[in-house]
Amino acid sequence: MANKNLSLNAIGKLVESEKFLENTEYVAQFLLGKLLIVDSNGCLLGGRISETEAYLAKDDEASHSFRGKTQRNAAMFANGGTIYVYRSYGVHYCMNIVSESENIGAAVLIRSIIPLLGVEIMKFNRKTENLKILCNGPGKLTQALGITIYDNYKIINESNIFLLDDGCKPDFMATKRIGISKSIDLPLRFVII
DNA sequence: ATATGGATGCTCT
DNA sequence: GAGCATCCATATG
């Protein structure tokens with residue numbers, strides 16, 4: 001425990017929990033360049049967030065929260081900083097970080113990270129040696145990091161999943177979101193340039 | 001380099 | 001029973 005915090009402190013400082021209470025588009029942009037790190041049985045896995053998408057509480061038909069709270073999306077209505085994981089296409093898991101306050105229903109989907117820590121373990125988890133395709137998709141990064149539905153409802157920085165700020169302030173651009181069929185024109189996808 | 005279709009399981013109508 | 005916030009293998013230019 002003390003060791004883990006020591007090694008995390010050497011990488012950067014934990015993102016303050018109040019940050020997740022800000023509005024969702026801001027959180028989605030803020031998360032770019034931050035380090036997403038998972039303590040997997042004592043091994044640190046993770047990398048730098050390079051792509052996010054905002055899913056809003058209001059007027060966003062593509063958001064899981066659009067039709068209200070259900071058993072599946074309940075974590076999305078928890079307080080900002082909660083992790084919302086769901087199964088996608090019956091095959092993969094996708095990971096979101098809830099934004100804003102309790103009962104709002106907004107979150108940021110982590111779409112891609114640049115692998116930095118525990119690369120050999122992530123290669124094993126993904127069954128590939130190719131760094132380019134290790135974590136470059138929402139289903140891929142959860143597989144690389146070992147994130148599953150059991151991580152649903154965990155709290156960032158109060159579990160084995162951490163967000164760190166090492167001072168990186170990347171340039172980014174906004175584009176349309178990917179892989180959805182409703183509200184497809186909203187510029188709510190953010191990518192490091 | 002881009003396009004396609006299959007795998008897969010769970011939620012909601 | 002439909003429809004997915006995906007990925008990969010395969011097929012073609």
Notebook entry, point to check: Can you tell me how far C1' of dT6(C) sits from CD of Glu53(A), to the nearest Å?
Noted result: 12 Å
Next item on the list: Verify the neighbour count for atom CG of Asn41(A): are there more than 12 heavy atoms of other residues, nucleotides or ligands below 6.0 Å?
Entry: no
Next item on the list: With a 3.5 angstrom cut-off on both distances, give the Watson-Crick or G-U wobble partner of dA5(C), or none if there isn't one.
Entry: none
Next item on the list: Output yes when at least one side-chain N/O atom of Arg67(A) is less than 4.0 Å from OP1 or OP2 of dT11(B), else no.
Entry: no
Check: Base, sugar-phosphate, or nothing: which does Asn96(A) touch, judged by heavy atoms less than 4.0 Å apart?
Finding: base
Next item on the list: Quickly work out the Met95(A) CE to dT6(C) C1' distance and round it to whole Å.
Entry: 17 Å
Note to self: Can you measure Leu186(A) atom CG to dA5(C) atom C1' for me and round it to whole angstrom units?
What the structure shows: 13 Å
Next item on the list: Using a 4.0 Å heavy-atom cut-off across all strands, classify Arg189(A) as base, sugar-phosphate, or nothing.
Entry: nothing
Note to self: Output the rounded distance in Å from CD1 (Ile178(A)) to P (dC7(C)).
What the structure shows: 10 Å
Notebook entry, point to check: Asn160(A) side chain to Asp39(A) main-chain N or O, any donor-acceptor pair under 3.5 Å?
Noted result: yes
Item checked: Nucleotide opposite dA3(B) in a Watson-Crick or G-U pair, distances under 3.5 Å -> dT10(C)
Checklist line | Nucleotide dT6(C), atom C1' - distance to CZ of Arg111(A) in whole Å | finding: 9 Å
Next item on the list: Would you check if the side chain of Arg126(A) reaches a backbone N or O of Leu134(A) as a donor-acceptor pair within less than 3.5 Å?
Entry: yes
Note to self: What's Arg177(A) touching, base or sugar-phosphate or nothing? Going by heavy atoms closer than 4.0 Å.
What the structure shows: nothing
Margin query: If the cut-off is 4.0 Å, is Lys140(A) near the phosphate of dC8(C), judged by side-chain N/O to OP1 or OP2?
Written below: yes
Checklist line | Distance, rounded to the nearest Å, where Leu109(A) contributes CG and dT6(C) contributes P | finding: 8 Å
Notebook entry, point to check: Is the NZ or CZ atom of Arg72(A) positioned over Tyr84(A)'s six-membered ring, under 6.0 angstrom from the centre and within 45° of the axis?
Noted result: no
Check: Does CZ in Phe124(A) sit with more than 12 non-hydrogen atoms of other residues, nucleotides or ligands closer than 6.0 Å?
Finding: no
Dump every N/O contact between nucleotides 5-9 of chain B and the protein below 3.5 Å, one line per pair.
residue, atom, partner, partner atom, Å
dT8(B), O2, Tyr89(A), O, 2.5
dG9(B), O4', Gly90(A), O, 3.4

Checklist line | No-hydrogen, no-angle side-chain donor-acceptor test under 3.5 Å, Ser99(A) and Glu22(A) | finding: no
Note to self: Side chains of Tyr55(A) and Leu186(A), heavy atoms from C-beta outward: is any pair under 4.5 Å?
What the structure shows: no
Check: To the nearest angstrom, how far is Gln143(A) atom CD from dC8(C) atom C1'?
Finding: 11 Å
Notebook entry, point to check: Checking all strands, does Met76(A) fall into the base, sugar-phosphate, or nothing category for heavy-atom contacts under 4.0 angstrom?
Noted result: base
Checklist line | Distance in angstrom units between Tyr93(A) OH and dT11(B) P, rounded | finding: 11 Å
